[in-house]
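To keep things clear, I will list the structure first and then write my remarks on it.
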Amino acid sequence: MATQKLIQSFTKTRITNPNSVYYKQIASNISKTLIKSGLEPFKTTPSLLSNLNSSITRLVIEDTSLPPQSCLNFFNFLRTSPSLFSHRPDLQAHVTLACRLYDARKFAEMKNVLNFIVTDANLRCSIENLVSLVENGSQKLKLVEKFCDMLFRVYADNRLFTDAIRVFDYMEKSLLKIDERSCIVFLIALKKCDNMDMCFGFFQRMIDADVEITVYSLTLVINGLCRREEVKRAKDLMGEMFVKGIKPNVVTYNTLLNGYIKRKDIGGVNEMLSLMERDEVAYNAATYTLLIEWYGSTGRMSEVEKLFDEMLERGVEADVHVYTSVISWNCRVGNMKRAFSLIDELTEKGLVPNSHTYGALIDGVCKIGEMGAAEMLLKDMQSRGVNAIMEKKGFEPDVFTYNTIASGLCKLKRYAEAKRWLFTMIERGLAPNVVNFTTLIDICCKEGKLEEAKWLLEEMKIKGARPNAVTYNSLIHGYSNKKKMKEVHQLRSEMEAMGMMPDVYTYTSLIHGECVFGKVDEAMKLFNEMKQKGLIPNVVTYTSIISGLSKDGRSDEAFRLYDEMIEAGLTPDERVFTSLVGGLHTARS
DNA sequence: GTAGGGTTAG
């Protein structure tokens, strides 16, 4: 048995006088045992390994007659046996083994060994020190290059950013070639930590250090900037790099397009589209998803369907995202027949609906009062959600999943259950983010529990989740419904003071609030004000103001706005007509 | 190794 032989190799050779000849003999005995044992792991007792020391360990690891995998086995054996604590491999053993693994092209294993160095407080040291431990050989430069490159990645993975930068500095100083792909690993790690300043700064350093920049790292940084709402800066960066010969691709353009769409910047959207045309960058499914979102959010349903047709005609393969967005917009205008036919089409193509798809459908069937159907869809979604979690093995549902389920329940007006899901999430130790808090606040508002909603707003500020425009919109809507206009205006001032501009949702709630409060003139003032600010009223906004005017007996004005709405290319729905008809009734009586 | 996630209004 291998273990027995290994023990013998220590006991046979008695070390009376520490001498390299004896060490070599012990090392060679260990090597022989390891070769015989193959890949089989082995165990031993601590007392019998008392002759072991770092020189012997090194001799074994350096033994070229020993396959690297056997070295690794021995190394891990020494590392993980608690009784061999004093014989754990030293820094030199780590470096030597890492280099041997590199020679053997065992990169994943090499990375693992470097990870031990980086995460062990007793082994961590400067890059200069580490490099000095790399043995001389014919391929030394190449070896050091690869060693540094991988170390850089390992530091990034462990979020040891300062150490990673030191490696980068060293590589630059030593004129070692720096791989852009490793830099991307670093950039992604920074982005995950929301450290965009460092991310942007590092990208500049990459340029200065003459790292070969491709569209991948460029797009990554552009995305980071767009998320921070620095779309202008992102676009300028694209321009700068274009001059240097780095051509943006469809992903780059999609990223910027998304940035402008989120900001509802018409000029920006058009500029990106014309640049895509100039560069002959063809739209892909993601581009269509974004454009459908853009047209849908401005109420142009016919354009949504036109785009979808265009996509299929051009042979761009539809995916679940683009289907979901077309389904979602059909649901929003109450065209459930079309929505379900799209679902059939989607499943026929072998695509699987996701939580958004379900969310859109639930929203749609609730609108037409089919609560039974909504229940079924929710159940279906929950079970699929569980499956999705099972697939990821060992992963708990994340804040996204909890929110999706809670919002599904909200649409069914099952507020208590929705809240329970979110509180369960908090109990399980997940930190609620802005969206979770906003959903909770929205639920409270819908339940009419305004005090609780207000308390949650303060609570989220304390917990460091910064309320956004959606949060304020939910509260403004809640207070509007209760005709508490004084608080409504206070909330509007507060959101503006925090640097958030009222958007279409805010104005629609304000207009609706003033209308039900009986101040239609005030509502009209707001309606004009929003247009002056460049905000585009949508069907909901028009319905609110048309309904207010109608109920006030001002049918002429209501019809005038209806025409205006059609002219703007908006698709009217049931509720607009109801408001107008209600107005005629009021006028006659 | 880069893009389209979950929250708001009639």
Side-chain angles (χ1 to χ4, degrees), chain A residues 153 179-188 191 214-224 226-227 248-259 261-262 284-294 319-322 324-325 354-359 367 385 397-408 410-411 418 422 432-443 445-446 467-478 480-481 502-513 515-516 537-548 573-576 578-579:
Chain A
R153 286 175 182 238
D179 190 341
E180 189 217 17
R181 287 171 298 186
S182 306
C183 295
I184 288 177
V185 170
F186 186 57
L187 290 171
I188 291 172
K191 212 171 112 189
T214 70
V215 70
Y216 287 104
S217 53
L218 172 66
T219 305
L220 194 143
V221 175
I222 285 180
N223 180 249
C226 286
R227 278 204 202 155
N249 64 13
V250 65
V251 181
T252 322
Y253 279 120
N254 285 348
T255 307
L256 277 162
L257 203 54
N258 185 36
I261 287 173
K262 290 268 153 68
N284 65 10
T287 322
Y288 281 105
T289 310
L290 290 165
L291 288 176
I292 285 169
E293 176 69 22
W294 168 245
D319 61 12
V320 67
H321 295 287
V322 71
T324 300
S325 90
N354 62 24
S355 55
H356 296 139
T357 328
Y358 280 104
K367 260 191 173 158
D398 59 9
V399 288
F400 281 77
T401 314
Y402 277 107
N403 218 74
T404 306
I405 293 172
S407 72
C410 265
K411 282 165 189 157
L422 290 170
N433 64 16
V434 202
V435 180
N436 300 131
F437 269 117
T438 303
T439 306
L440 272 174
I441 286 172
D442 188 50
I443 294 168
C445 287
K446 288 189 168 118
N468 61 20
V470 181
T471 321
Y472 279 100
N473 288 345
S474 295
L475 281 158
I476 287 173
H477 178 239
S480 289
N481 273 346
D503 59 15
V504 179
Y505 283 86
T506 324
Y507 273 106
T508 305
S509 292
L510 289 172
I511 290 165
H512 178 68
C515 284
V516 291
N538 58 28
V539 179
V540 186
T541 324
Y542 275 105
T543 310
S544 297
I545 190 72
I546 287 173
S547 158
D573 62 15
E574 206 63 13
R575 296 169 81 159
V576 188
T578 313
S579 299

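Numbers restart at 1 for each chain; the letters A, B, ... are given by sequence-line order, proteins then strands.
A/Lys411 has no side-chain polar atom (N or O) that falls below the 4.0 Å cut-off from OP1 or OP2 of B/dG6. For A/Asn258 and B/dA3, the shortest distance from a side-chain N or O to OP1 or OP2 is not below 4.0 Å. When the side-chain nitrogen and oxygen atoms of A/His321 are compared with OP1 and OP2 of B/dA3, none of them lie within a distance under 4.0 Å. At the phosphate of B/dT7, neither OP1 nor OP2 sits under 4.0 Å from any side-chain N or O atom of A/Lys446.
Not a single donor-acceptor pair, N or O on each side, falls under 3.5 Å between the base of B/dG4 and the side chain of A/Glu293. Looking at A/Asp573, its side chain comes within 3.5 Å of the base of B/dG10 through a donor and an acceptor atom. A donor-acceptor contact under 3.5 Å links the side chain of A/Thr508 to the base of B/dA9. In this model, a side-chain donor or acceptor of A/Asp319 finds a partner on the base of B/dG4 within 3.5 Å. Taking 3.5 Å as the limit, the base of B/dG10 and the side chain of A/Asn538 contain no donor-acceptor pair of atoms between them. Between the base of B/dG10 and the side chain of A/Thr543 there is a donor-acceptor pair shorter than 3.5 Å.
Partners of A/Phe186 by ring pair (Phe, Tyr, Trp, His ring centres under 6.0 Å), not counting sequence neighbours, listed by chain and number: A/Phe152, A/Phe161, A/Phe202. Not counting sequence neighbours, the partners of A/Asp179 by the salt bridge (charged side-chain N to carboxylate O under 4.0 Å, His left out) test are A/Arg181.
Minimum atom distance to the side chain of A/Val251 is reached by B/dA3, of the listed B/dA3, B/dG10, B/dG6.
The stacking criteria are not both satisfied for A/Tyr216 over the base of B/dT2, which would need a centre-to-centre distance under 5.5 angstrom and an angle between ring planes under 30 degrees.
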